[in-house]
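Report on the following structure.
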Amino acid sequence: MATRTLIKHALASAAPRDAILIQGWVRTRRDAKGFSFLELNDGSCLASLQVVADADIPGHDQIHRLTTGAAAAVEGRLVASRGAGQKWEVHATRITVVGEADPSYPLQKKGHTMEFLRTIAHLRPRSNLFGAVFRVRSRLAFAVHQFFQERDFVHVHTPIITGSDCEGAGELFRVTTLKGRPDENPGTDFFGKPTYLTVSGQLEGEAFACALSNIYTFGPTFRAENSNTARHAAEFWMIEPEMAFCDLAGDMDLGETFLKAMARYTLDHCAEDLALFARFVDRSVRDRLAFVIERPFQRVPYTEAVEILKRSGRPFAFPVGYGLNLQSEHERFLTEDHFKCPVTVFNYPREIKPFYMRANNDGKTAAAMDLLVPGIGEVIGGAQREERLDVLLANMRQHHLREQDYSWYADLRRYGTVPHAGFGVGFERLLMFLTGIPNIRDVIPFARTPGSADF
RNA sequence: UCCAGAGUAGCUCAAUGGUAGAGCAGCCGGCUGUUAACCGGCGGGUUGCAGGUUCGAGCCCUGCCUCUGGAGCCA
């Protein structure tokens with residue numbers, strides 16, 4: 001018996017082949033009097049492979065069992081197709097039913113809504129759209145590593161369980177082995193103190209940047225916020241580069257280069273799947289990616305962004321003014337209407353930013369930056385870190401943080417401190433931007449959101 | 001968590017307060033180098049849950065649940 005050929009390789013074949021083995025799942029079957037058509041898909045690519053099975057070959061007497069969703073193996077010859085719509089097809093010499101599909105198989109040949117497919121998250125990767133989404137997700141995860149590895153960044157696995165509960169990045173999930181109320185006696189808990197799922201690997205990432213120079217993390221991140229939007233999940237993956245001997249300008253450079261590289265990679269390596277998104281999800285997705293690659297991003301200080309918003313004459317629902325956070329509607333106006341391209345807003349007021357961000361010399365602003373993109377909003381948030389021990393400790397006091405909880409973090413400023421900077425990218429938000437998929441639940445295999453942890 | 005909208009067959013949707021329907025899917029049969037195939041037939045429902053109003057509720061009222069869109073928080 002021949003070894004298995006993936007359908008993507010069969011379809012890319014340069015010449016006919018006498019013996020080929022295809023294994024996959026039946027998308028549809030059409031029976032004629034003396035033969036049957038089978039469409040097999042194995043997920044290796046978007047396209048299915050057409051199989052022609054004459055009625056007299058071994059296994060054809062069982063072909064009625066190959067309904068939509070069933071698993072099958074086909075041995076045969078790869079030949080040029082007589083029909084329109086595909087270059088190659090397989091003329092079967094043997095058909096094997098590997099696993100039948102019950103008639104209740106929920107995926108039909110016609111289109112389904114995203115909402116319905118979410119309820120069958122274990123089966124939706126067998127649909128064209130979700131097969132494409134998760135192939136692209138895999139390729140982009142690889143592209144992330146390639147981007148940083150090529151630039152001599154070291155991948156660091158920062159901890160998922162953390163003892164620090166006040167990083168200021170939202171609500172945390174408690175991790176405990178205690179029954180009942182863990183807060184009543186945290187000293188008896190597994191780690192001897194309260195522990196949580198991480199909301200960011202940044203602080204640990206800084207420690208490694210202050211040793212290995214350029215590092216990045218890429219791992220799961222958890223937020224117990226009761227956020228119910230198309231852009232939030234309780235469990236998501238975050239990429240966090242951190243660079244020693246780097247200031248905010250270098251940080252913004254990397255963020256923009258990174259986003260352009262991801263757009264370039266998607267266009268170059270995911271063309272077939274991207275075409276599907278363009279047809280069914282977001283007509284303009286390829287134009288947007290090309291635009292991101294070609295055009296320089298805009299950079300605007302927060303103060304100037306506020307002035308632009310004030311001058312716009314737009315009747316915003318939320319007030320605009322120095323010291324106020326930019327709301328979604330403001331960010332959207334800047335990137336979608338005013339600049340019409342990705343925008344990096346930088347130098348935010350210190351009061352609205354966390355303790356670890358570096359205070360600028362004006363005494364009012366922090367060296368923070370947010371990269372905003374049309375349709376999504378913030379995909380990258382970063383900052384130059386406060387490397388001066390005295391300023392850091394003063395910031396911590398202002399934020400009512402206990403110094404002993406961050407002594408190791410302060411140590412980084414005691415021993416050979418250096419200017420350093422980094423940012424965080426939500427991997428799923430990046431995927432949403434690159435694919436045009438509008439809901440974060442549809443770019444993560446099994447989404448965890450408030451009230452929902454199925455599968 | 002707040003605001004708005006929606007829950008009817010496996011899916012997508014109809015149905016003035018008066019016997020709950022269609023298309024698709026499924027099953028059976030026919031036909032065809034077919035490709036979201038086509039033609040005929042068959043089965044399929046506690047109308048999200050719990051109350052209430054009414055002679056009578058899928059429809060009106062109350063509460064709850066779930067989902068969707070938007071907002072807040074953020075990545």
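In what follows, chains are A, B, ... by sequence order, proteins preceding strands, each numbered from 1. Because only heavy atoms are used, hydrogens play no part in the values below, and waters and symmetry mates are left out as well, while side chains stay in.
The side chain of Asn325(A) lies closest to C74(B), out of G33(B), C74(B), C24(B). Checked against A71(B), A25(B), G70(B), the side chain of Phe318(A) finds its nearest nucleotide in A71(B). With U35(B), G26(B), C74(B) as the candidates, the nucleotide lying closest to the side chain of Glu39(A) is U35(B). Nearest nucleotide to the Asn228(A) side chain, out of U1(B), U12(B), U35(B): U1(B). When the nucleotides G33(B), C27(B), A75(B) are ranked by their closest atom to the side chain of Arg223(A), A75(B) comes out on top. For Gln108(A), whose side chain is taken as the heavy atoms from C-beta onward, the closest listed nucleotide among G10(B), U35(B), C73(B) is G10(B). Each of C11(B), C74(B), A75(B) was ranked by its minimum atom distance to the side chain of Ser328(A); first place goes to C74(B). Picking from U34(B), A75(B), A71(B) the nucleotide with the shortest atom distance to the side chain of Thr229(A) gives A71(B). When each of G26(B), G33(B), U35(B) is scored by its nearest atom to the side-chain atoms of His91(A), the top-ranked nucleotide is G33(B).
Contact check, Arg441(A) against U68(B): a side-chain N or O comes under 4.0 Å of OP1 or OP2. The phosphate of C73(B) (OP1 or OP2) has a side-chain N or O of Gln327(A) nearer than 4.0 angstrom. In this model, the phosphate group of A25(B) is not approached by any side-chain N or O of Lys109(A) to a distance below 4.0 Å at OP1 or OP2. The phosphate of C2(B) (OP1 or OP2) has no side-chain N or O of Asn226(A) nearer than 4.0 angstrom. Side-chain nitrogen and oxygen atoms of Thr113(A) include none within less than 4.0 Å of the OP1 or OP2 phosphate oxygen of C11(B). Residue Arg231(A) has no polar side-chain atom (N or O) positioned under 4.0 Å from OP1 or OP2 of G69(B). Taking side-chain N and O atoms only, Arg30(A) has a distance below 4.0 Å to OP1 or OP2 of A37(B).
Scanning atom types as modelled, no donor and acceptor separated by under 3.5 angstrom connect the side chain of His112(A) and the base of C11(B). Glu89(A) contributes a side-chain N or O that forms a donor-acceptor pair with the base of G33(B) under 3.5 Å. No hydrogens or angles were tested; on distance alone, nothing pairs the side chain of Ser227(A) with the base of C74(B) as donor and acceptor under 3.5 Å.
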| request: Determine which bases of RNA chain B form Watson-Crick or G-U wobble pairs with both distances under 3.5 Å, and write the result as a 5' to 3' dot-bracket string with | for other-strand partners. | output: (((((((..((((....[..)))).(((((.......))))).....(((((..]....))))))))))))....

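Residue contacts for Arg27(A): at a heavy-atom cut-off of 4.0 Å it reaches no nucleic acid atom on any strand shown. Residue contacts shown for Ile440(A) include a base, since a base heavy atom lies under 4.0 Å away. Residue Pro106(A) is out of contact with every strand shown, counting any heavy-atom pair closer than 4.0 Å.
A salt bridge links Glu256(A) with Arg299(A): at least one charged nitrogen is closer than 4.0 Å to a carboxylate oxygen. Of the charged side-chain nitrogens involved, at least one lies within less than 4.0 Å of a carboxylate oxygen, so that Asp337(A) and Arg314(A) count as a salt-bridged pair.
Straight-line distance from the CZ atom of Phe423(A) to the C1' atom of C74(B): 17 Å, rounded to whole Å. Atom P of nucleotide A36(B) and atom CZ of Arg29(A) are separated by 17 Å, given to the nearest angstrom. In this structure, Asn439(A) atom CG and G70(B) atom C1' are separated by 13 Å, rounded to whole Å.
A distance below 6.0 Å separates the ring centres of Tyr322(A) and Tyr302(A). Aromatic rings of Tyr265(A) and Phe147(A) (six-membered ring for Trp) have centroids beyond the 6.0 Å cut-off, not under it.
Not counting sequence neighbours, the partners of Trp237(A) by the side-chain contact (heavy atoms from CB on, under 4.5 Å) test are Arg137(A), Phe218(A), Pro220(A), Phe427(A), Glu428(A).
Of the residues near RNA chain B, Gly451(A) and Tyr105(A), the one whose nearest nucleotide (by heavy atom distance) lies more toward the 5' end is Tyr105(A). Of the residues near RNA chain B, Thr28(A) and Arg118(A), the one whose nearest nucleotide (by heavy atom distance) lies more toward the 5' end is Thr28(A).
Here the side chain of Glu171(A) pairs no donor or acceptor atom with the backbone of Asn226(A) at under 3.5 angstrom. With Trp25(A) contributing its side chain and Arg126(A) its backbone, the two residues share no donor-acceptor pair below 3.5 Å. Of the possible polar contacts, none joining the Arg358(A) side chain to the Asp247(A) backbone as a donor-acceptor pair under 3.5 Å is found.
Comparing G44(B) with G21(B), their C1' atoms are spaced 13 Å from each other, to the whole Å. Only the P atoms considered, C42(B) is 22 Å distant from U46(B), to the nearest whole Å. On the P atoms, G72(B) is 43 Å away from A36(B), given to the nearest whole Å.
Remark: ring of Phe37(A) does not overlap the six-membered base ring of G33(B) in a stacked fashion, as centroids less than 5.5 Å apart with planes less than 30° apart are not both met.
Remark: Arg4(A) CZ is packed, more than 12 non-hydrogen atoms of other residues, nucleotides or ligands lying under 6.0 Å away.
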